[in-house]
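Here the structure is laid out as structure tokens; the discussion comes afterwards.
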Amino acid sequence: MATTSLILSAGIFLTVLTIGGLIAVRVGQSVIPAYILVGVLIGPFAPSIGGVSLTVVDSTEFIRLLADLGVIFLLFFVGLELSLTSLIQKRSQFLRAGAIDVGVSFPLGIVVGLLFGFNLLESLFIGLIAFNSSTVIIAKSLLDLEWIVNPESEGILGVIVIEDVLTAAVFAILSAVLLGAADIASLGRTLGQAAIVLVVLTLFAYYGGDWLDRMFDIRSSELFLLGVLGVTTLVAGLGFAAGVSDAIVAFLVGLAFGQTSHVERIESKLAPSRDLFAAVFFFVIGLQTDPRLVLSVAGFVLVAVVVTVFGQIVSGFFAGRSFGLSIEQASRMASALAPRGEFSLVIAAFLVTAGTTDALRETIPAFTVGYVLLTSILGTILMRNAHLIERVARTFHTE
């Protein structure tokens with residue numbers, strides 16, 4: 001009977017996820033907010049109607065494992081789609097645009113956290129959450145709006161590369177602090193271990209492409225798929241045991257595979273698995289979210305959205321101009337960088353289990369869900385109305 005109940009629950013949540021995703025697509029929104037809301041509506045914090053609870057899923061151990069795999073595959077694909085070669089070849093352009101974006105967006109989140117009474121460590125996490133643009137939402141919107149072939153798409157993706165690399169580096173340091181740190185000595189050891197792992201994986205990502213090419217020259221699609229999945233999760237698990245977030249390790253493994261000739265094959269074979277696990281990940285975020293807690297930080301969320309999205313529009317526009325884009329193209333870039341998503345939620349999911357204070361375990365993850373929901377919706381709207389940003393920009397700025 002228990003097995004039947006579990007299967008029934010799985011069937012219900014997969015069906016409701018599908019319905020929620022279809023509704024989101026129909027109204028021109030990202031599916032990510034829909035998946036989160038479904039988790040809220042049928043999870044342990046679900047509302048009651050007429051005294052009948054809507055809770056369908058209240059035990060999430062197995063689903064959480066799938067969600068963890070979703071995090072690993074999401075960040076693996078983020079790394080896979082980034083080009084280290086392109087980043088190095090155009091490093092001056094990317095670094096100039098990225099410096100403008102980082103110099104405005106990252107400090108704004110930290111300042112907002114400090115103004116709302118969070119300590120420095122908590123505010124640094126808030127800064128990361130409020131800083132990193134959503135690769136998934138932006139990439140999908142670039143395709144939907146047919147901007148992907150335009151010059152601004154390279155600038156947009158280039159800035160996202162800078163954001164992802166910086167977020168990965170800072171997140172690795174902050175996660176090491178939380179995972180290892182009872183005193184200065186243990187913190188030093190933890191950071192040392194994490195640094196070694198990160199340096200080794202980064203060097204391997206750059207120089208290990210030829211070796212991976214030969215290692216995964218496997219004719220069988222089944223064995224190729226198992227091999228990529230196995231290596232990614234194994235290395236991510238070993239990295240986590242060494243004090244580095246498994247998501248960050250997966251990101252670096254993805255960078256390494258991105259240097260090989262197997263990228264298209266990996267994308268074609270693994271994309272369906274990635275999408276399934278990613279949907280479950282966003283669903284579990286919803287399951288873990290108490291809407292009453294989100295409402296309790298609604299003021300914080302609204303202030304953060306207003307301040308950081310405005311800052312992102314300004315920094316995105318000037319980053320685009322420094323990249324050599326026209327006012328129209330820079331305005332599109334400004335709108336495209338607004339949505340937050342998967343990386344912010346990965347950080348929040350990490351804090352739920354690794355946080356050492358109520359603010360880290362509860363308040364900041366709840367803030368993140370509300371923040372991602374609003375910015376993902378607002379970002380989609382801004383991208384569809386980038387001409388309004390262009391109109392304002394032309395009143396203050398000339399070609």
Side-chain angles (χ1 to χ4, degrees), residues 10 13-14 17-18 21-22 25 30-32 35 62-87 134-144 148 153 157 160-161 164 168 201-202 204-240 245-284 341-343 345-346:
F13 92 73
L14 288 173
L17 274 180
T18 303
L22 288 172
V25 171
S30 165
V31 295
I32 291 176
Y35 294 155
F62 179 68
I63 295 176
R64 188 170 289 112
L65 171 61
L66 297 181
D68 290 340
L69 292 175
V71 172
I72 290 171
F73 295 144
L74 269 177
L75 272 295
F76 172 82
F77 269 84
V78 170
L80 187 72
E81 292 164 6
L82 300 181
S83 172
L84 282 176
T85 302
S86 177
L87 183 61
S134 171
T135 305
V136 173
I137 296 174
I138 292 171
K140 187 176 187 306
S141 296
L142 289 176
L143 291 170
D144 292 344
I148 194 68
S153 66
L157 295 174
I160 292 175
V161 170
D164 285 342
L201 287 174
T202 301
F204 182 75
Y206 189 71
Y207 293 106
D210 290 341
W211 183 80
L212 279 177
D213 250 331
R214 294 191 298 272
M215 179 179 177
F216 283 88
D217 187 16
I218 302 172
R219 181 171 299 180
S220 168
S221 295
E222 176 183 348
L223 296 178
F224 177 81
L225 176 64
L226 287 172
V228 173
L229 291 174
V231 166
T232 303
T233 51
L234 176 62
V235 176
L238 291 173
F240 185 80
S245 165
D246 50 1
I248 300 304
V249 175
F251 170 79
L252 293 172
V253 174
L255 278 178
F257 274 100
Q259 299 291 98
T260 71
S261 61
H262 301 303
V263 174
E264 290 186 8
R265 190 181 184 191
I266 292 172
E267 289 179 338
S268 65
K269 298 298 181 184
L270 278 180
S273 300
R274 173 204 63 190
D275 294 341
L276 172 62
F277 288 126
V280 175
F281 166 67
F282 295 125
F283 172 72
V284 171
E342 62 281 356
F343 223 145
L345 293 172
V346 167

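The analysis underlying the following values was restricted to heavy atoms, covering all of them including side chains, and did not include hydrogens, waters or symmetry mates.
- The CZ atom of Phe73 sits 10.0 Å away from the CG atom of Leu276 when rounded to the nearest 0.5 Å.
- Residue Val231 comes nearest to Met215 through the heavy atom pair CG2-CE, 4.3 Å, listed as atom of the first residue, atom of the second, then distance.
- The two residues Ile72 and Ala236 make their nearest non-hydrogen contact at CD1-CB, 4.1 Å.
- Between Phe257 atom CZ and Phe216 atom CZ the span is 4.0 Å, to the nearest 0.5 Å.
- Here the closest non-hydrogen pair linking Thr232 and Val228 is OG1-O, 2.8 Å.
- To the nearest 0.5 angstrom, Phe76 atom CZ is 10.0 Å from Leu255 atom CG.
- Side chain of Thr18 to main chain of Leu14: a donor-acceptor pair is present (N/O by atom type, distance under 3.5 Å, no hydrogens or angles).
- The OG atom of Ser220 sits 9.5 Å away from atom CG of Leu225, with the distance rounded to the nearest 0.5 Å.
- Rounding to the nearest 0.5 angstrom, the gap separating the CG atom in Leu212 from the CZ atom in Phe204 is 4.0 Å.
- Across every non-hydrogen atom of Leu17 and Ala279, the tightest pair is CD1-O, 4.3 Å.
- Side chain of His262 to main chain of Asp213: a donor-acceptor pair is present (N/O by atom type, distance under 3.5 Å, no hydrogens or angles).
- Taking all atoms of both residues into account, the shortest heavy-atom contact from Phe77 to Ile266 is CZ-O, 4.2 Å.
- Residue Leu80 comes nearest to Glu267 through the heavy atom pair CD2-CG, 3.7 Å, listed as atom of the first residue, atom of the second, then distance.
- The cationic atom of Arg265 (NZ for Lys, CZ for Arg) lies less than 6.0 Å from the six-membered ring centre of Phe224 and within 45° of the ring axis.
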